[in-house]
Amino acid sequence: KQEVTQIPAALSVPEGENLVLNCSFTDSAIYNLQWFRQDPGKGLTSLLLIQSSQREQTSGRLNASLDKSSGRSTLYIAASQPGDSATYLCAVPSSGNTPLVFGKGTRLSVIA
Amino acid sequence: DTAVSQTPKYLVTQMGNDKSIKCEQNLGHDTMYWYKQDSKKFLKIMFSYNNKELIINETVPNRFSPKSPDKAHLNLHINSLELGDSAVYFCASSQDPGDGYTFGSGTRLTVV
């Protein structure tokens, strides 16, 4: 059964820092991996989707990498801003349309 | 134009009542899901439907009954509500192969 772990559970950084959020999964037979952002009291916003054949994806200041063989993904946020404060969730399906299995998230606070 | 829309956004009701949450997606996706986010913010799959057919039922009490009248709609009916049902319920959809999962903004259910 797929399990997803995110480390750290919470992170507080000063504005401008570059930071890395970690995600690991137990079953490397994943179809893709998706990073989401959730603001307090809000829904999930998709940030990046990495297909199993890809090594990384970039969107603006965000870069996500995927190492299937080791069961790991990282989300790199460059030049963090207070507006980046949110909970970041990593999720994987085991195949195409199977439900996503989520990690418990990393709660990020960027201090101005 | 909202891709996955849920109604209502908030629902406060008394124990023992029956309530429904509606979900509609305009993405043309074949698969829809209901997730529950508990008080610790952990997201867990409840049901998965593919083209109106129930694919996954994750040991959810039978007081919860999903219904999919067509592939664009997936509703959730809950009978005899209990205090422990208080949570945020998210609807999502996906397509295989596709561009990941899209989530609705959530329905915050409070049972008093």
Side-chain angles (χ1 to χ4, degrees), chain A residues 1-6 8-11 23 25 29-54 57 59 62 64 66 73 75 85-109, chain B residues 2-7 9-10 21 23 25 27-51 53-60 66 71 74 87-108 110:
Chain A
K1 184 179 174 183
Q2 181 73 272
E3 291 183 6
V4 179
T5 303
Q6 291 187 245
L11 182 62
C23 170
F25 42 94
I30 62 170
Y31 191 71
N32 53 41
L33 183 144
Q34 200 163 354
W35 282 94
F36 294 88
R37 168 187 172 138
Q38 185 174 27
D39 293 282
K42 303 288 184 184
L44 279 71
T45 300
S46 180
L47 297 174
L48 288 164
L49 171 71
I50 312 178
Q51 301 293 349
S52 61
S53 58
Q54 296 175 320
Q57 278 284 359
S59 175
L62 305 180
L66 175 63
S73 176
L75 179 67
S85 298
T87 296
Y88 290 80
L89 295 158
C90 166
V92 294
S94 56
S95 64
N97 269 347
T98 56
L100 288 173
V101 177
F102 280 87
K104 293 188 177 180
T106 294
R107 192 172 64 254
L108 173 66
S109 296
Chain B
T2 306
V4 180
S5 58
Q6 296 179 226
T7 54
K9 192 170 174 62
Y10 300 96
I21 307 171
C23 179
Q25 55 96 2
L27 299 167
H29 288 171
D30 287 333
T31 307
M32 296 184 72
Y33 312 85
W34 279 111
Y35 282 83
K36 179 179 181 180
Q37 188 171 44
D38 59 26
S39 56
K40 294 185 178 177
K41 309 300 183 189
F42 187 52
L43 272 155
K44 195 171 177 189
I45 185 67
M46 299 175 69
F47 300 104
S48 166
Y49 268 74
N50 183 269
N51 271 319
E53 279 194 41
L54 179 65
I55 303 298
I56 289 175
N57 176 344
E58 284 287 325
T59 60
V60 177
K71 77 171 195 177
L74 179 61
V88 182
Y89 293 85
F90 285 98
C91 177
S93 70
S94 69
Q95 179 73 20
D96 180 29
D99 54 1
Y101 294 67
T102 303
F103 280 76
S105 57
T107 295
R108 182 175 295 276
T110 304

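- The number of heavy-atom neighbours closer than 6.0 Å to CD of Glu3(A), taken from other residues, nucleotides and ligands shown, is 12 or below.
- With a 4.5 Å cut-off on non-hydrogen atoms, Ile45(B) touches chain A through its side chain but not through its backbone.
- For Phe47(B), no part lies near chain A; criterion is any non-hydrogen pair under 4.5 Å.
- Ring centers of Phe102(A) and Phe103(B): under 6.0 Å apart, within the cut-off.
- Heavy atoms of Lys104(A) lying under 4.5 Å from chain B belong to its backbone as well as its side chain.
- The two residues Leu49(A) and Gly100(B) have their closest heavy-atom pair at CD2-N, 3.4 Å.
- Across every non-hydrogen atom of Tyr101(B) and Pro93(A), the tightest pair is OH-CB, 3.3 Å.
- Contacts with chain B were tallied for Gly43(A), Gly103(A), Ser46(A); Gly43(A) has the most, counting heavy-atom pairs under 4.5 Å.
- Using a 4.5 Å cut-off between heavy atoms, Leu100(A) contacts chain B through both its backbone and its side chain.
- Atom CG of Leu89(A) sits about 10.0 Å away from atom CZ of Phe42(B), to the nearest 0.5 Å.
- Neither the backbone nor the side chain of Leu33(A) comes within contact range of chain B, judged by heavy atoms closer than 4.5 Å.
- Residues passing the salt bridge (Lys or Arg N to Asp or Glu O under 4.0 Å) test with Arg107(A): none are found, sequence neighbours excluded.
- Partners of Lys71(B) according to the salt bridge (Lys or Arg N to Asp or Glu O under 4.0 Å) rule, which considers only residues two or more places apart in sequence or in another chain, are Asp30(B).
- With a 4.5 angstrom heavy-atom cutoff, Glu58(B) does not touch chain A via any of its atoms.
- Two residues are said to be in side-chain contact when any heavy atoms from C-beta on lie closer than 4.5 Å; Gln38(A) and Lys41(B) fail this criterion.
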